[in-house]
Q: 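Dropping a structure here in C-alpha cells format, bear with me for questions.
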Amino acid sequence: MPELPEVETIARTLKPQLEGRTILSVHLLWKRTLATPSPRAFASRIAGQKVLDVGRRAKFLHVRLSKDNLFIHLRMSGDLRVEKTRHKPAKHDRLIVDLSGNKTLVFNDTRKFGRVWLTDDPQDVIGGLGPEPFDPEFTPRILYSRLQAHRRQIKPLLLDQSFLAGMGNIYTDEALHLAGIHPLVESDKISLKKAEKLFYAIRTVLEAGITHNGASIDWVYRGGDFQNYFRVYGRTGEPCPVCRTAIKRINVGQRGTHFCPKCQRRI
DNA sequence: CACGAGACCTGTTCGC
DNA sequence: TGCGAACAGGTCTCGT
C-alpha cells in the first residue's frame, strides 16, 4: 500500500480539489469497503456536508466535513482521484462521491482491502496510533525509550502503527539500511546512539519519498518516482550502494525484507 | 508479551 | 505456450 509519503502526496493533490465543495451523494460499489456506519446511514449522513479540510494522519487520508470526519485507508492497492462527474464506474471503483461543481471523488481499489469510515469522533479511527514521524514533539530520545519498552524484532516493531505511525514495508527497509541496523535486531538492544541514527534515517527516507511524490510500483502508478532511488527495497542480489555487497532478501513477519548483510550486522 | 500463520482480495511475474 | 506457485506498498485475528 501506499505508505506515509504516498498518502501525503495524495492528500496534497486532493486538498485544493476538494476543499469548499459540498457532497451531493455517494455510491458504494463494494459493501465491505465501508467500515462504519451502515451503508444507509453513511449515505444519508454525508449528503449535504461541506469539505472543510483535507489532510493525513499516519496512512489515513482525513477529510474534515462540516459535521463528521471521513477517513480513508488505501491499504495495499487503493487509489483516490478527483474527476469530472461521470456515470459509469470504472473497473475496481469501490466508492464514488459526487461533489458540487460537477466533480467526483473516486476510490478505486483492486484488492478490496481499503476501508472508509465516517465518524464524528476522529479518535474512533486514529486513536490508537503511535507518534507521527514529523511531529516536533517526537524526538530521538522518545524513540529510544519506546524501543527500550519492548523486546521485539526492530522491523515488525517499526511496522506496528501503534508504535510509530506511517512506516510501511519499503520505507522501513530503507530506513534500517540508512541507519545500519539489521531488521531482526531486538529493539531493546539498540543503543541511544543507534536510536538517534534510526530517528534521522526514518525522517530522511520519508522526506525523500515525499519530495519524489512517493513511489510507483507495479500497476499502481501514482506519478511518483521514488522507486528509482531505493537503496535496498526490491534490489535482491544487486550491490549495496554503500559497500557493493549483494543485497539479501529474507522474510520477516511474512514481509519481504531487504538488507545489506555487511552494513547491517545482527550483533 | 511476542511471534507465526491464516484471512481478506485481485493481478502480475516467476519457475518448471 | 501453459499452468500453478509465489509475490505484492496493509492490517486484523487467532493460536502457541
Q: Pick the closest DNA chain C nucleotide for A/L159 and for A/G256 by heavy atoms, then say which residue is nearer the 5' end.
A: A/G256
Q: Using atom CG of A/N108 as one end and atom P of B/dG11 as the other, report the distance to the nearest whole Å.
A: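 Rounding to the nearest Å, CG of A/N108 and P of B/dG11 are 11 Å apart.
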Q: Measure CD1/A/I10 against P/C/dG10 and give the value in whole Å, please.
A: 13 Å
Q: Please determine whether a side-chain nitrogen or oxygen atom of A/K112 lies at a distance below 4.0 Å from atom OP1 or OP2 of B/dC8.
A: no
Q: Strictly by Watson-Crick or wobble contacts shorter than 3.5 Å, is anything paired with B/dC14, and which nucleotide is it?
A: C/dG4
Q: I want to know whether A/Y229 and A/H212 have ring centres closer than 6.0 Å.
A: yes
Q: Grab the two heavy atoms, one from A/N69 and one from A/D121, that are nearest each other, plus how far apart they are.
A: ND2-N, 4.4 Å
Q: Reckon A/R152 has a side-chain N or O less than 4.0 Å from the OP1 or OP2 of B/dC3?
A: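 It does, given that an N or O in the side chain of A/R152 lies less than 4.0 Å from OP1 or OP2 of B/dC3.
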Q: Is the distance from OP1 or OP2 of C/dT11 to the nearest side-chain N or O of A/H73 less than 4.0 Å?
A: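 For C/dT11, OP1 or OP2 has a side-chain N or O of A/H73 closer than 4.0 Å.
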Q: Please determine if A/D120 and A/K67 form a salt bridge, counting it only when a charged side-chain N lies under 4.0 Å from a carboxylate O.
A: no
Q: Check this for me: does the side-chain of A/R151 come within 3.5 Å of the base of B/dA2 through a donor and an acceptor?
A: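 In this structure, the two groups form no donor-acceptor pair.
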Q: Starting from C1' on C/dA8, measure out to CZ on A/R249 and report it in whole angstrom.
A: 10 Å
Q: Please classify the nucleic acid contact of A/R115 as base, sugar-phosphate, or nothing, using heavy-atom distances under 4.0 Å.
A: nothing
Q: Please state whether the phosphate of B/dT10, meaning OP1 or OP2, lies under 4.0 angstrom from any side-chain nitrogen or oxygen of A/H92.
A: no
Q: Looking at B/dC9 and A/F113: do their rings stack (centroid distance under 5.5 Å, interplanar angle under 30°)?
A: no
Q: Is the phosphate of B/dG4 approached by A/Q254 (side-chain N or O, under 4.0 Å from OP1 or OP2)?
A: no
Q: Separation of A/Q161 atom CD from C/dG10 atom P, in whole Å?
A: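 Answer to the nearest Å: 8 Å.
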Q: Sequence neighbours excluded, which residues qualify as side chain to side chain contact (heavy atoms under 4.5 Å, CB included) partners of A/Q17?
A: A/T13, A/L14, A/V82
Q: Expressed in angstrom and rounded to an integer, what is the separation of A/I250 atom CD1 from C/dC7 atom P?
A: 14 Å
Q: So, for A/Y233 and A/Y171, is the gap between ring centers shorter than 6.0 Å?
A: no
Q: Between C/dG10 and A/R255, is there an OP1 or OP2 to side-chain N/O distance shorter than 4.0 Å?
A: yes
Q: Would you say B/dT10 has OP1 or OP2 under 4.0 Å from some side-chain N or O of A/K91?
A: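 False: A/K91 side-chain N/O out of range (4.0 Å or more) of B/dT10 OP1/OP2.
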Q: Given atom CG of A/D109 and atom P of C/dA8, what is their separation to the nearest angstrom?
A: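 So the two atoms are 18 Å apart, to the nearest Å.
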Q: Taking atom C1' in both B/dC3 and C/dA8, what distance in whole Å separates the two?
A: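 After rounding to an integer number of Å, I get 22 Å for this pair.
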Q: Whole angstroms only, please: what is the CG-P distance between A/L129 and C/dT11?
A: 9 Å
Q: Atom CD of A/E6 and atom C1' of C/dG10: how far apart are they, to the nearest Å?
A: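 From A/E6 CD to C/dG10 C1': 13 Å.
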